[in-house]
Amino acid sequence: MHDLSGVTKGDQYRALGLGTFSFTVCFAVWTIFSIIGVRIKQDLGLSETEFGILVATPVLTGSVSRIFLGVWTEQYGGRLVFTIQMLATAVACWLLSEVQTYEVFLIAALGVGLAGGSFIVGIAYTSQWFEKEHQGTALGIFGVGNVGAAVTNFGAPFLVLAFGWEETARIYAVALAITAVGFWLLARPDPAQVARQREGRKPVSAQEQLAPLRNMQVWRFATYYFFVFGGFVALASYLPRFYVGAYDLSLAAAGMLAAAYSMPGSVFRALGGWMSDRWGARFVMYLTFIVSLACLFVMSYPRTDYIVQGIEGPIEFSFGISLPVFVVLSVLLGFVMSLGKAAVYKHIPVYYPHHVGSVGGLVGMIGGLGGFVLPIAFGILNDLFGVWTSSFMLMFAIVLVSTVWMHVAIRLMERRRYPELVGERYLSDVPEQPQPPTGT
């Protein structure tokens with residue numbers, strides 16, 4: 001860990017505030033297709049599968065870009081990389097308004113997807129300003145930038161209704177460009193970058209940065225993130241379409257209800273970071289998975305009509321989730337997913353303090369790929385089976401597999417490393433490296 005002796009509280013708050021605000025704007029741009037995509041679907045007459053691909057395409061770029069953006073941030077500093085990434089995305093978002101055909105929309109969406117790469121740049125930049133014991137809380141606060149999805153779900157429908165989707169894209173592009181310039185002018189160089197320049201050291205090579213990716217532990221963290229983040233992005237993009245189709249709501253109403261899911265899925269990430277610092281990231285992951293299983297089990301049940309042969313003749317009744325109940329469950333699901341997102345990233349600066357960019361980039365990439373794959377899968381399931389809740393059935397299966405795999409891996413690790421603790425501390429964060437069991 002680099003020396004933080006010269007870093008003041010003001011420096012920490014400046015870095016955290018600028019990073020969080022910039023990430024919020026980027027995330028709002030990243031999820032813009034969740035709203036304008038509905039209007040584009042209507043204009044072009046797209047199928048559910050084509051719509052799912054359109055919504056998911058920005059997520060692909062945002063996911064894949066995280067691995068090399070993380071490495072570049074470690075090498076050249078978050079202040080420079082963050083600024084360039086936002087400016088490049090702003091240009092792509094502006095050009096989006098000039099597109100006419102579906103195929104070119106997909107190409108433009110790839111450029112807009114660079115906004116999603118901002119996450120790992122901000123994580124690597126922000127983590128450098130805080131001590132290990134406060135990184136969970138700091139990164140949890142930074143992760144509140146996910147609220148950008150709620151900003152888009154709530155605000156973009158009104159912009160589309162007032163100005164059209166083309167002008168909405170231009171407004172987003174201008175806002176992002178202004179944010180990029182402001183970040184460059186107000187942010188300070190990374191402490192590690194300053195120390196490296198002062199000591200005349202060369203940037204760490206990409207090969208060295210990627211070395212930890214050989215560890216299975218890193219890939220396990222990435223698998224957890226596939227659900228808590230990838231699933232969050234997928235649902236934030238998919239729920240407006242779901243509410244319009246399943247409950248026959250207007251786009252504005254659907255956007256607001258989707259924002260109700262996105263909001264707790266974002267703002268409570270700070271709480272998840274604090275809980276991970278206080279009780280351990282492992283406990284938070286168990287809480288996230290168990291509550292998610294309960295919510296998704298109910299949400300996945302389709303509206304069904306029953307006919308029972310009674311004593312005096314057939315008895316008919318139906319079962320289905322009403323809109324208010326579904327909204328409440330979605331809010332609860334978003335809440336625990338926000339806790340899980342913070343818990344996953346609590347591990348990274350603790351176990352890999354010198355490789356936050358590369359390790360965090362891989363974890364973020366796999367998580368982001370969940371946001372790419374799942375909307376497409378939702379559309380395919382809808383086209384194949386014609387059941388709106390099939391998407392939540394898929395999510396339930398993913399969480400079930402992740403929960404079982406996590407628990408088995410933890411118990412096997414404890415038997416191997418610390419047999420004297422088996423059955424006593426599987427909910428706490430017993431280190432997975434050969435260190436004394438300090439409960440980090």
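Just so you know, these numbers come straight off a predicted model, no measurement behind them.
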S.K.: Output all residues satisfying ring-ring contact (aromatic ring centres under 6.0 Å, His included) with Tyr225, sequence neighbours left out; order by chain, then residue number.
M.R.: Phe229, Tyr345

S.K.: Could you please spell out the steps behind the side chain to side chain contact (heavy atoms under 4.5 Å, CB included) verdict for Ile366 and Thr223?
M.R.: CA-CA 7 Å; Ile366 299 300; Thr223 303; 5.7 Å; no

S.K.: Mind checking whether Leu249 and Leu323 have side chains closer than 4.5 Å, heavy atoms only?
M.R.: yes

S.K.: Considering residues at least two apart in sequence or located in another chain, which fulfil the side chain to side chain donor-acceptor pair (under 3.5 Å) criterion with Arg39?
M.R.: Gln42

S.K.: Closest heavy-atom contact between Thr73 and Ala124?
M.R.: CG2-CB, 3.7 Å

S.K.: What residues form a ring-ring contact (aromatic ring centres under 6.0 Å, His included) with Trp165, not counting sequence neighbours?
M.R.: Phe105

S.K.: Of the non-hydrogen atoms in Ala236 and Tyr261, which two are nearest, and what is the gap between them?
M.R.: N-CE2, 3.8 Å

S.K.: Can any side-chain N or O of Arg14 pair as donor or acceptor with the backbone N or O of Ala187 at less than 3.5 Å?
M.R.: no

S.K.: Dump the intermediate steps for side chain to side chain contact (heavy atoms under 4.5 Å, CB included) on Val151 and Thr31, then the final yes or no.
M.R.: CA-CA 10 Å; Val151 172; Thr31 56; over 6 Å; no

S.K.: Which residue pairs pass the salt bridge (charged side-chain N to carboxylate O under 4.0 Å, His left out) test with at least one member in residues 365-376, sequence neighbours excluded?
M.R.: none

S.K.: Minimum heavy-atom separation for Pro375 to Gly370, with atom names?
M.R.: CD-O, 4.0 Å

S.K.: I'd like to know if the side chain of Thr288 reaches the main chain of Val336, judged simply by a donor and an acceptor atom lying under 3.5 Å from each other, with no hydrogens or angles considered.
M.R.: yes

S.K.: List in chain and number order the residues that pass side-chain contact (heavy atoms from CB on, under 4.5 Å) with Ala342, two or more places apart in sequence or in another chain; answer none if no residue qualifies.
M.R.: Arg269

S.K.: Can a donor-acceptor pair be found, under 3.5 Å and without considering hydrogens, that links the side chain of Thr126 to the backbone of Ile123?
M.R.: no

S.K.: If I take atom CZ from residue Arg79 and atom CH2 from residue Trp184, how far apart are they, to the nearest 0.5 angstrom?
M.R.: 4.0 Å

S.K.: Going by the rule ring-ring contact (aromatic ring centres under 6.0 Å, His included), which residues pair with Phe51 if we only count those two or more places apart in sequence or in a different chain?
M.R.: none

S.K.: Do the side chains of Leu287 and Val291 get nearer than 4.5 Å, heavy atoms only?
M.R.: yes

S.K.: Is the shortest heavy-atom distance from the side chain of Phe227 to the side chain of Lys341 under 4.5 Å?
M.R.: no

S.K.: Would you list the atom pairs, donor with acceptor, under 3.5 Å between side chains in residues 21-29 and any protein atom, with sequence neighbours excluded?
M.R.:
| from | atom 1 | to | atom 2 | distance (Å) |
| --- | --- | --- | --- | --- |
| Ser22 | OG | Leu18 | O | 2.9 |
| Thr24 | OG1 | Thr20 | O | 2.8 |

S.K.: Taking only residues two or more places apart in sequence or in another chain, which ones pass ring-ring contact (aromatic ring centres under 6.0 Å, His included) with Tyr243?
M.R.: Phe326

S.K.: Within the structure provided, determine whether Tyr172 and Trp94 are in side-chain contact (heavy-atom separation under 4.5 Å).
M.R.: no

S.K.: Apply side chain to side chain contact (heavy atoms under 4.5 Å, CB included) to residues Ser391 and Leu394 and explain how you reach the verdict.
M.R.: CA-CA 5 Å; Ser391 53; Leu394 174 61; 5.8 Å; no

S.K.: Can you check whether Leu114's main-chain N or O pairs, donor with acceptor, with Gln85's side chain at less than 3.5 Å?
M.R.: yes

S.K.: Less than 4.5 Å apart, side chain to side chain, heavy atoms only: is that true for Arg188 and Trp129?
M.R.: yes

S.K.: May I have the step-by-step check of side chain to side chain contact (heavy atoms under 4.5 Å, CB included) for Leu106 and Leu110, ending in yes or no?
M.R.: CA-CA 6 Å; Leu106 295 180; Leu110 290 173; over 6 Å; no

S.K.: Under 3.5 Å, is there a donor-acceptor pair between the Thr8 and Tyr13 side chains?
M.R.: no

S.K.: What distance separates Tyr247 OH from Trp388 CH2, expressed to the nearest 0.5 Å?
M.R.: 11.5 Å

S.K.: To the nearest 0.5 Å, how far apart are CG in Leu374 and CZ in Phe232?
M.R.: 13.5 Å

S.K.: Specify the closest pair of heavy atoms between Val331 and Ala260, including all atoms of both residues, with the distance to one decimal.
M.R.: CG2-O, 3.4 Å

S.K.: Which residue is it: Phe242, Phe378, Tyr301, Phe297? I am looking for the one with a ring pair (Phe, Tyr, Trp, His ring centres under 6.0 Å) to Phe392.
M.R.: Phe242

S.K.: Can you give me the closest heavy-atom contact between Ser292 and Leu333, atom names plus distance?
M.R.: OG-CD1, 3.6 Å

S.K.: Is the shortest side-chain heavy-atom distance between Leu54 and Lys41 below 4.5 Å?
M.R.: no

S.K.: Would you confirm whether Trp30, through its side chain, and Pro58, through its main-chain N or O, come within 3.5 Å as a donor-acceptor pair?
M.R.: yes

S.K.: Taking the side chain as every heavy atom from C-beta outward, state whether Leu16 and Phe130 have any pair of such atoms under 4.5 Å apart.
M.R.: yes

S.K.: Is the centre of the His407 ring less than 6.0 Å from the centre of the Tyr286 ring?
M.R.: yes

S.K.: Do Thr389 and Met299 make a side-chain contact, defined as non-hydrogen atoms from C-beta onward lying under 4.5 Å apart?
M.R.: no

S.K.: Rounded at 0.5 Å granularity, tell me how far CH2 in Trp72 sits from CD1 in Ile84.
M.R.: 9.0 Å

S.K.: Mind checking what makes side-chain contact (heavy atoms from CB on, under 4.5 Å) contact with Ile380, not counting sequence neighbours?
M.R.: Thr49, Ile376, Leu384

S.K.: Anything under 3.5 Å between a donor and an acceptor, one on a side chain of residues 138-145, the other on a protein residue two or more places apart or in another chain? List them.
M.R.:
none

S.K.: Shortest non-hydrogen contact from Gly78 to Val121?
M.R.: O-CG1, 3.9 Å

S.K.: How many angstroms lie between atom CG of Leu257 and atom OG of Ser330, to the nearest 0.5 angstrom?
M.R.: 7.5 Å

S.K.: Output side-chain donor-acceptor pairs under 3.5 Å for residues 395-403, partner residues at least two apart or in another chain, one line each.
M.R.:
| from | atom 1 | to | atom 2 | distance (Å) |
| --- | --- | --- | --- | --- |
| Ser402 | OG | Ile398 | O | 2.9 |
| Thr403 | OG1 | Val399 | O | 2.7 |

S.K.: Within this structure, what is the CD1-OG1 distance for the pair Ile32 and Thr168, rounded to the nearest 0.5 Å?
M.R.: 6.5 Å

S.K.: So which pairs with a foot in residues 109-122 pass salt bridge (charged side-chain N to carboxylate O under 4.0 Å, His left out), sequence neighbours left out?
M.R.: none

